[in-house]
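The block underneath contains the structure these notes are about, expressed in structure tokens.
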Amino acid sequence: MGKILVHGKTAGRIVETEAYLGVDDRAAHAWRGITNRTRLLFGPPGHAYVYFIYGMYECLNFVAEEEGKAGCVLIRAIEPVAGIGLMWRRRPAAKRVEDLGSGPGKLTLALGITRRQNGADLTRGSLHVRQLLEEPDMRIEVTPRVGIRHCADWPLRFLIAGNPFVSR
DNA sequence: CAATAGATCATCT
DNA sequence: GATGATCTATTGC
């Protein structure tokens, strides 16, 4: 949370995330164990897991657990920081700056992230995360996750309190 | 404002 | 063959 997600000429501050656990979390893709799609989730941390959903959208996750153990973080919203003109072109439906990246499907569009980035190493390369030298103060709010059926009450959604760029 | 339908396909049963 | 970690446009109040 609060870190800068960079892809090419565009960048945004991560303001909302959700945690997906491993085989004990029925809402997680890794729940059923290793399949072609979920293999990455059981691999080393610090890599991107990008999946296609609802026949239309792609969602970006960071693999977050040590190798052999599944667990990841879904990036749910970003606050645009750089390359905002390009983001507008990639998100013609957006009416306000707040709409550019305020949802998991929106931010991948705004940042130009697709399944091509699946498996990308987030510590180097055109898709990576940066730490600000001085992080502004923020309070992190915790709520249940959005849009799932199983484990719907687990408090695993995190957002920066009061930030206008979180999803609706 | 809230509720809802439709778009559309990879993945797993 | 059904489902889904979503978004948008449209409807109705």
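Labels below follow one simple rule: chain letters A, B, ... track the order of the sequence lines, proteins then strands, and each chain is numbered from 1.
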Subject >> Exam field: side chain A/Thr38 to backbone A/Gly33, donor-acceptor pair closer than 3.5 Å >> reply: yes
Original post:
CD of A/Glu98 versus P of C/dC7: gap in Å, rounded?
Top reply: 16 Å
Subject >> Watson-Crick or G-U pairs under 3.5 Å in DNA chain B, rendered as dot-bracket with [ ] for crossing pairs and | for another strand >> reply: |||||||.||||.
Original post:
Distance-only, no hydrogens or angles: does the A/Arg26 side chain make a donor-acceptor pair with backbone N or O of A/Trp31 under 3.5 Å?
Top reply: no
Original post:
Taking it one step at a time, do A/Tyr51 and A/Leu41 satisfy side chain to side chain contact (heavy atoms under 4.5 Å, CB included)?
Top reply: CA-CA 11 Å; A/Tyr51 68 91; A/Leu41 291 172; over 6 Å; no
**OP:** For residues A/Thr17 and A/Met1, report the shortest heavy-atom separation together with the two atoms involved.
**Re:** OG1-SD, 3.4 Å
**OP:** Grab the CZ-P distance between A/Phe52 and B/dA7 for me, whole Å please.
**Re:** 15 Å
Subject >> Nearest-0.5 Å distance, CD of residue A/Glu79 to CG of residue A/Leu5 >> reply: 13.0 Å
**OP:** Could you tell me whether A/Arg91 contacts a base, only the sugar-phosphate backbone, or nothing, with contacts defined as non-hydrogen atoms closer than 4.0 Å?
**Re:** sugar-phosphate
Subject >> From CA spacing to verdict: side chain to side chain contact (heavy atoms under 4.5 Å, CB included), A/Val50, A/Thr114 >> reply: CA-CA 7 Å; A/Val50 185; A/Thr114 69; 5.9 Å; no
Original post:
For A/Lys9, does the NZ atom have more than 12 heavy-atom neighbours from other residues, nucleotides or ligands under 6.0 Å away?
Top reply: no
Original post:
NA contact type, A/Leu74, heavy-atom cut-off 4.0 Å: base, sugar-phosphate, or nothing?
Top reply: base
Original post:
Nearest-Å distance, CG (A/Leu21) to C1' (C/dA5)?
Top reply: 13 Å
Original post:
How close or far is atom P of C/dA5 from atom CD of A/Glu18, stated in whole angstroms?
Top reply: 10 Å
Original post:
So how far is it from A/Arg76 CZ to A/Ile14 CD1, rounded to the nearest 0.5 Å?
Top reply: 13.5 Å
Subject >> Nearest heavy-atom neighbours spanning A/Leu127 and A/Ala48 >> reply: CD2-CB, 4.1 Å
Original post:
Under a 4.0 Å heavy-atom cut-off, which of residues 53-68 of chain A touch DNA chain B?
Top reply: A/Tyr54, A/Gly55, A/Met56
Original post:
Under the criteria of a ring-centre distance below 5.5 Å and an interplanar angle below 30°, is A/Tyr20 stacked with the base of C/dA5?
Top reply: yes
Original post:
With distance as the sole test, does A/Arg91 use its side chain to make a donor-acceptor pair with the main-chain N or O of A/Leu100 at under 3.5 Å?
Top reply: yes
Original post:
Which ones in residues 22-40 of chain A lie close to DNA chain B, meaning a heavy atom under 4.0 Å from one of its atoms?
Top reply: A/Arg32, A/Thr35, A/Arg37
Subject >> A/Cys59 to A/Pro104 - nearest heavy-atom pair and separation >> reply: SG-CB, 3.9 Å
Original post:
Any donor-acceptor pair under 3.5 Å linking the side chain of A/Arg90 with the backbone of A/Ala110?
Top reply: yes
**OP:** Strictly below 4.0 Å, heavy-atom distances to any atom of DNA chain C: list the hits from residues 149-159 of chain A, or just say none.
**Re:** A/Arg149
Subject >> Interface residues of residues 101-123 of chain A with DNA chain C (non-hydrogen, below 4.0 angstrom) >> reply: A/Gly103, A/Pro104, A/Gly105, A/Lys106
**OP:** Could you tell me whether a side-chain N or O of A/Glu18 sits under 3.5 Å from a main-chain N or O of A/Leu74, the two making a donor and an acceptor?
**Re:** no
Subject >> Residues, nucleotides or ligands: over 12 heavy atoms within 6.0 Å of A/Arg168 CZ >> reply: no
**OP:** Using ring-ring contact (aromatic ring centres under 6.0 Å, His included) as the criterion, list what pairs up with A/Phe42, not counting sequence neighbours.
**Re:** none
Original post:
Hey, are the side chains of A/Ile160 and A/Phe165 touching, using non-hydrogen atoms and a 4.5 Å cut-off?
Top reply: no
